[in-house]
Structure formats: C-alpha cells, structure tokens
Protein chains: 2
Amino acid sequence: MGITKSEIFTEKQNQLAQLAKALAHPARIAIIEHLLKINTCICGDLVSVIGLAQPTISQHLKELKKIGIIQGQVEGTSVCYCINTEKWKEISLAFETFFSKDTNPPSCC
Amino acid sequence: MGITKSEIFTEKQNQLAQLAKALAHPARIAIIEHLLKINTCICGDLVSVIGLAQPTISQHLKELKKIGIIQGQVEGTSVCYCINTEKWKEISLAFETFFSKDTNPPSCC
DNA sequence: AGCATTCATCGTAATATTGCAATATATAAA
DNA sequence: TTTATATATTGCAATATTACGATGAATGCT
C-alpha cells in the first residue's frame with residue numbers, strides 16, 4: 001500500500017530507516033558532497049551544479065533539512081545552505097553504531 | 001515522475017544512494033539486526049519475529065539480497081538467511097568513507 | 001511604487017514502494 | 001504419488017516519490 005507499518009518497529013529502527021531514506025537519492029548525496037567541498041553555497045548554485053530544475057532541488061533540500069543534516073540561512077534574496085555539523089556527527093554515529101556490530105561467520109550459508 | 005535521473009550523477013553517488021535505499025525501511029533494518037543477533041535464521045522465523053505477512057518479508061529479503069548484504073541458502077523446504085560478511089564490510093566502508101569527510105564550520109549559517 | 005531576482009510551494013503526471021491475498025514452486029514426508 | 005510445509009512470485013490497491021511548470025512570497029534595487 002506504499003505505507004510503512006512504523007508502529008511494529010522500534011524507535012531506533014524507524015529513525016535509522018528515516019536517515020537512510022534521506023540519503024537514498026543521488027541528488028541528495030550530490031548536494032551533501034557539494035556542501036562538504038564548498039562548505040557553503042546558495043540554492044541557485046546547487047541548481048546549476050546538480051542539473052535538476054529549481055523546484056526539484058528545493059524539494060530535495062527540504063528532505064535533507066527534515067533530518068537536520070543541512071540548514072539554510074536567508075541572505076537577501078538567496079538562501080545559504082550548509083551542513084549542520086552537530087547533526088552530521090550524530091547521523092554519522094548512528095550509521096557507525098549500526099555497522100559496528102560484528103558479523104559472525106555464518107553456520108549454514 | 002517517481003523516476004530518478006541517474007544519468008546525471010556519478011557512479012559512486014548512485015551506488016551510495018542505492019545502498020541507503022536498501023536500508024531505508026525499518027523492516028529491513030529489523031531483518032539485518034535480527035540476523036546480526038541470531039547469526040542465521042530461516043525466512044519463517046523472520047515472518048514471526050517481524051510481524052509482517054510472508055510475501056512482504058520475502059520482498060524485503062529480495063531488496064536486501066539485491067545489494068548483497070544478505071544471502072540465502074536453501075535447506076530442504078526452508079531458506080537459511082545470513083549476513084554476507086564480505087559485503088557487509090564493503091557497505092560499511094562505503095558509509096564510513098562518506099561520513100569521514102570533515103565538516104568545516106559554516107561561514108554564513 | 002514598480003520591477004527583477006531568488007527561492008518555496010502548489011498542482012500534476014509518471015513511476016516506485018509497501019503490503020497482502022492468491023497462487024506457483026520446490027522439497028520432504030507419508 | 002499424494003500431501004504437507006516453506007518460500008517465491010504474481011496481481012492489485014493504496015500511498016509515496018520524483019520531476020517540473022506555474023505561481024507565490026520575500027527581498028533588493030531603481
């Protein structure tokens with residue numbers, strides 16, 4: 001039905017899935033990578049760099065803002081975007097923790 | 001249009017987004033976490049543990065197998081699933097590399 | 001005030017995802 | 001060979017996502 005049964009999962013499982021979802025589009029990966037490289041830039045720059053229409057970029061930015069990994073600051077008619085360092089570390093830690101679990105050698109396969 | 005313009009992004013960006021997408025559902029996180037804990041289990045166990053219908057679990061397992069993070073071994077009428085340790089490390093590294101980039105303090109926001 | 005610029009939001013079309021009932025497939029057991 | 005068990009696949013309904021044109025809102029400039 002396109003709707004996720006969040007209520008049967010733990011808070012942590014839902015949270016990590018939500019973080020993964022925000023990263024689950026190459027445009028959003030590209031936006032983050034550009035911000036990491038350039039440190040800070042306005043929405044219009046992202047539109048030219050990425051190559052998607054302005055409303056589409058705006059929508060992707062919204063998804064990223066939703067999990068707090070980026071933040072925007074109005075500067076005149078432009079909006080200056082950058083990584084939220086604190087959230088970045090938090091999200092990084094969430095994935096790190098998930099992947100830190102050791103995988104024992106399988107007994108059957 | 002629900003369709004991603006993969007051709008305008010780099011191979012790496014598409015790959016990481018695809019990995020994130022596979023993790024972008026709490027049921028799939030739950031499946032992985034259960035496999036990490038139990039080491040190995042059959043599909044039927046996952047159906048009872050997770051609490052989704054058998055076809056739904058089967059579909060999620062398919063998504064996880066697609067990126068190679070898990071693998072299944074037929075054992076009689078059952079299928080025994082486990083983490084693919086090599087792929088696990090590979091995927092872990094992909095996220096680690098992505099998050100390893102330092103975030104400089106923003107100049108504008 | 002009037003106009004240009006930048007970005008967000010709305011509306012919409014195309015496609016993807018989620019979930020499950022029904023069914024197909026494969027193996028084991030009787 | 002028939003029956004039972006376990007899993008995969010199919011088909012479908014409901015919802016979500018992606019993309020973009022059109023439009024709205026906010027700010028700066030003249």
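Letters go in sequence order (proteins before strands), and every chain restarts at 1. This one's a predicted model, so the numbers in the text were calculated from it and none came from an experiment.
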A.B. asks: If I compare all heavy atoms of B/Phe9 with all of B/Asn14, which pair ends up nearest, and what's the gap?
C.D. replies: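 B/Phe9 and B/Asn14 have their closest heavy atoms at O-ND2, 3.6 Å.
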
A.B. asks: Closest to the A/Lys62 side chain: C/dC7, C/dT9, C/dA16?
C.D. replies: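 Minimum distance to the A/Lys62 side chain belongs to C/dT9.
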
A.B. asks: Roughly how many Å is it from CD in A/Glu75 to P in D/dA26, rounded to a whole number?
C.D. replies: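 From A/Glu75 CD to D/dA26 P: 18 Å.
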
A.B. asks: Ignoring the backbone of B/His25, work out which of D/dT17, C/dG19, C/dC7 is nearest its side chain.
C.D. replies: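 The closest nucleotide is C/dG19.
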
A.B. asks: Whole Å only: how far is the CD atom of B/Gln18 from the P atom of C/dT17?
C.D. replies: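 For the pair B/Gln18 CD and C/dT17 P, the rounded distance is 10 Å.
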
A.B. asks: Quick check: does any side chain N or O of A/Arg28 sit under 3.5 Å from a backbone N or O of A/Lys21, one acting as donor and the other as acceptor?
C.D. replies: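 Judged by distance alone, yes, a pair lies under 3.5 Å.
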
A.B. asks: Flag yes if more than 12 heavy atoms outside B/Glu11 fall under 6.0 Å of its CD atom; otherwise flag no.
C.D. replies: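 For B/Glu11, atom CD is not crowded (no more than 12 foreign heavy atoms under 6.0 Å).
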
A.B. asks: State, with a plain yes or no, whether a side-chain heavy atom of B/Leu16 is found less than 4.5 Å away from one of A/Leu23.
C.D. replies: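 In short, these two side chains do not touch, never coming nearer than 4.5 Å.
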
A.B. asks: Tell me which residues in residues 45-61 of chain A lie within less than 4.0 Å of DNA chain C, going by non-hydrogen atoms.
C.D. replies: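 Residues of residues 45-61 of chain A that come under 4.0 Å of DNA chain C are, in numerical order, A/Gln54, A/Pro55, A/Ser58.
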
A.B. asks: Under 4.0 Å between a side-chain N or O of B/Lys5 and OP1 or OP2 of D/dC20?
C.D. replies: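 Yes, such a contact exists.
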
A.B. asks: Hey, is the main chain of B/Trp88 close enough, under 3.5 Å, to the side chain of B/Ser92 for a donor-acceptor pair?
C.D. replies: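 A pair under 3.5 Å: no.
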
A.B. asks: For B/Gln73 and C/dA26, give me the distance from atom CD to atom C1', rounded to whole Å.
C.D. replies: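 Atom-to-atom, B/Gln73 to C/dA26, this comes out as 15 Å.
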
A.B. asks: Sequence neighbours excluded, which residues qualify as side chain to side chain contact (heavy atoms under 4.5 Å, CB included) partners of B/Ser58?
C.D. replies: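 Checked B/Ser58 against side chain to side chain contact (heavy atoms under 4.5 Å, CB included); matches are B/Gln54.
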
A.B. asks: Nearest-Å distance, CD (B/Glu63) to C1' (D/dA8)?
C.D. replies: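 Spelled out: CD on B/Glu63 to C1' on D/dA8 is 14 Å.
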
A.B. asks: Does the side chain of A/Tyr81 get closer than 4.0 angstrom to OP1 or OP2 of C/dA8 through an N or O atom?
C.D. replies: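 Checking A/Tyr81 against C/dA8: at least one side-chain N or O falls below 4.0 Å of OP1 or OP2.
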
A.B. asks: Can you work out whether A/Ile42 or A/Ser6 has the more 5'-proximal nearest nucleotide on DNA chain C?
C.D. replies: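 So the residue in question is A/Ile42.
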
